[in-house]
Amino acid sequence: AAAACLALVLFSGIFSYSLYFTEAAYIDLDINPSRALTTNRFDTVIKVEAYNEDAAVLLENLDLQYKKMDVAMDEVISAAAESEVLQRDGLVSVTVQSVSGDGAALLSDVQSTVTASVSRYAAAAVDVFPVDGDTRSAAHEHHMSPAKYLAILRLQAVDPTATIEGCRGHS
């Protein structure tokens, strides 16, 4: 009986750990520094990544891991406003990829969270849109956020001489 109880405790512990740390969504936020938040099925941030040095500096003083997504997003936007990265009449682009669960509900939650946070700090435009795994992977192959990658592809449709490498350093 003791062995069965021990096995049950171990199994439930491993299952709970796996459930908590399974990636459910990727939220990429571009103000100018670009960063990515990975959340689990409980809308808790389990991983934070910076796409460039500016984002790494901005994230240096923020402890976002294990916070709820809406709290973490507000802290990132607040820090961007304090460091004057979030500009008046600027643009905040957010891409959302849902790995599991309701992508439409997540997109709506992120839209309302980011819009509310940005409106407290600046009169910037907010653009939140879904991306698929292929787009996110292609963007990461070029070491950039999905929003920047898609913007460069749109630019290439208008100006075929534009290259991903040539535009990588632009905000």
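The figures here come from the full heavy-atom set of this structure, side chains too, leaving out hydrogens, waters and symmetry mates.
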**Q** Would you say that more than 12 heavy atoms from the other residues, nucleotides or ligands in this model lie under 6.0 Å from the NZ of Lys68, or not?
**A**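 Yes, enclosed.
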
**Q** From Leu58 CG over to Arg35 CZ, what is the distance, rounded to the nearest 0.5 angstrom?
**A**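 So the CG of Leu58 and the CZ of Arg35 are separated by 5.0 Å.
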
**Q** Under 4.5 Å between side-chain heavy atoms, counting indirect links through other Ile/Leu/Val/Met/Phe/Trp/Tyr residues: same cluster for Leu29 and Leu91 or not?
**A**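 Shared cluster, no.
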
**Q** Ignoring hydrogens, what is the shortest heavy-atom contact between Val92 and Ala124? Give both atom names and the distance.
**A**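 Heavy atoms only, the tightest pair is CG2-CB, 4.4 Å.
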
**Q** Regarding Asp74 and Ser117, is there a side-chain donor-to-acceptor distance under 3.5 Å anywhere?
**A**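 There is such a pair between these side chains.
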
**Q** Tell me, with the steps shown, if Asp70 and Asp109 meet side-chain contact (heavy atoms from CB on, under 4.5 Å).
**A** CA-CA 8 Å; Asp70 56 342; Asp109 288 349; over 6 Å; no

**Q** Are Val94 and Val96 packed together at the side-chain level, in the sense that at least one heavy-atom pair is separated by less than 4.5 angstrom?
**A**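 Contact flag for Val94/Val96 side chains = yes.
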
**Q** For Asn40, does its backbone N or O pair with a side-chain atom of Thr44 as donor and acceptor, under 3.5 Å?
**A**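 Not confirmed, Thr44 side chain does not pair with Asn40 backbone.
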
**Q** With distance as the sole criterion, is a donor-acceptor pair present between the side chains of Asp132 and Thr135 under 3.5 Å?
**A**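 Indeed, the side chains of Asp132 and Thr135 share at least one donor-acceptor pair under 3.5 Å.
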
**Q** Would you say Met144 and Tyr26 are hydrophobically clustered, going by side-chain heavy atoms of ILVMFWY under 4.5 Å?
**A**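 No; tracing contacts between hydrophobic side chains, which count when under 4.5 Å, never links both residues.
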
**Q** Grab the two heavy atoms, one from Cys167 and one from Ala162, that are nearest each other, plus how far apart they are.
**A**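 Answer, listing the atom of Cys167 first, then Ala162: SG-CB, 4.3 Å.
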
**Q** Got a second to check how far Glu82's CD is from Asn61's CG, nearest 0.5 Å?
**A**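 Spacing of CD (Glu82) from CG (Asn61) equals 10.0 Å.
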
**Q** For a 4.5 angstrom cut-off between non-hydrogen side-chain atoms, does Ile164 reach Gln156?
**A**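 Counting from C-beta outward, Ile164 and Gln156 do come under 4.5 Å.
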
**Q** Side chains of Met73 and Val114: closer than 4.5 Å at any heavy-atom pair?
**A**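 A side-chain contact exists here, since the closest heavy-atom pair is under 4.5 Å.
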
**Q** Would you say Val126 and Leu37 are hydrophobically clustered, going by side-chain heavy atoms of ILVMFWY under 4.5 Å?
**A**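 Yes, one cluster joins them.
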
**Q** Determine the sole option in Ile31, Ile77, Val57, Asp54 for which the side chain to side chain contact (heavy atoms under 4.5 Å, CB included) test with Val85 is passed.
**A**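 Filter result, single survivor: Ile31.
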
**Q** Under 3.5 Å, side chain of Ser108 to main-chain N/O of Ala104, donor-acceptor pair present?
**A**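 Not confirmed, Ser108 side chain does not pair with Ala104 backbone.
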
**Q** With a 4.5 Å limit on heavy-atom distance, are the side chains of Tyr20 and Ile46 in contact?
**A**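 In contact.
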
**Q** Rounded to the nearest 0.5 Å, what separation is found between the CG atom of Asp159 and the CD1 atom of Ile152?
**A**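 Here the interatomic distance stands at 12.0 Å.
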
**Q** What distance do Leu59 atom CG and Glu75 atom CD have between them, rounded to the nearest 0.5 Å?
**A**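 Reported to 0.5 Å precision, the distance equals 11.0 Å.
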
**Q** Look at the side-chain heavy atoms of Ile, Leu, Val, Met, Phe, Trp and Tyr, link any pair under 4.5 Å apart, and say whether Val131 and Leu153 land in one connected group.
**A**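 Per the 4.5 Å side-chain linkage, Val131 and Leu153 are co-clustered.
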
**Q** Among residues two or more places apart or on two chains, list those pairs meeting ring pair (Phe, Tyr, Trp, His ring centres under 6.0 Å) that have a residue in residues 56-94.
**A**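 Found none.
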
**Q** Only one of His143, His140, His142 passes ring pair (Phe, Tyr, Trp, His ring centres under 6.0 Å) with Tyr51; say which it is.
**A**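 When ring pair (Phe, Tyr, Trp, His ring centres under 6.0 Å) is applied between Tyr51 and each of His143, His140, His142, only His140 qualifies.
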
**Q** Taking all atoms of both residues into account, what is the closest heavy-atom pair of Arg136 and Ala36, and its distance?
**A**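 That closest heavy-atom pairing would be NH2-CB, 4.0 Å.
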
**Q** Is Leu64 linked to Val110 within one hydrophobic cluster, defined over Ile, Leu, Val, Met, Phe, Trp and Tyr using a side-chain heavy-atom separation of less than 4.5 Å?
**A**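 Linked within one cluster.
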
**Q** Taking side chain as C-beta onward, heavy atoms only, is Ser34 less than 4.5 Å from Asp28?
**A**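 No - every pair of side-chain heavy atoms lies 4.5 Å or more apart.
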
**Q** A side-chain contact here means heavy atoms from C-beta on lying under 4.5 Å apart; do Phe129 and Thr95 qualify?
**A**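 Side-chain contact under 4.5 Å: yes.
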
**Q** Is there a donor-acceptor pair closer than 3.5 Å between any side-chain N or O of Lys148 and the backbone N or O of Arg168?
**A**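 Here the side-chain-to-backbone pair exists.
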
**Q** Within the side chain of Ser119, is there an N or O that forms a donor-acceptor pair under 3.5 Å with the backbone of Ala116?
**A**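 Between the backbone of Ala116 and the side chain of Ser119 there is a qualifying donor-acceptor contact (under 3.5 Å).
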
**Q** Look up atom CG in Asp127 and atom CD in Gln111, then write down how far apart they are to the nearest 0.5 Å.
**A**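 Interatomic distance, Asp127 CG to Gln111 CD, rounded to 0.5 Å: 8.0 Å.
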
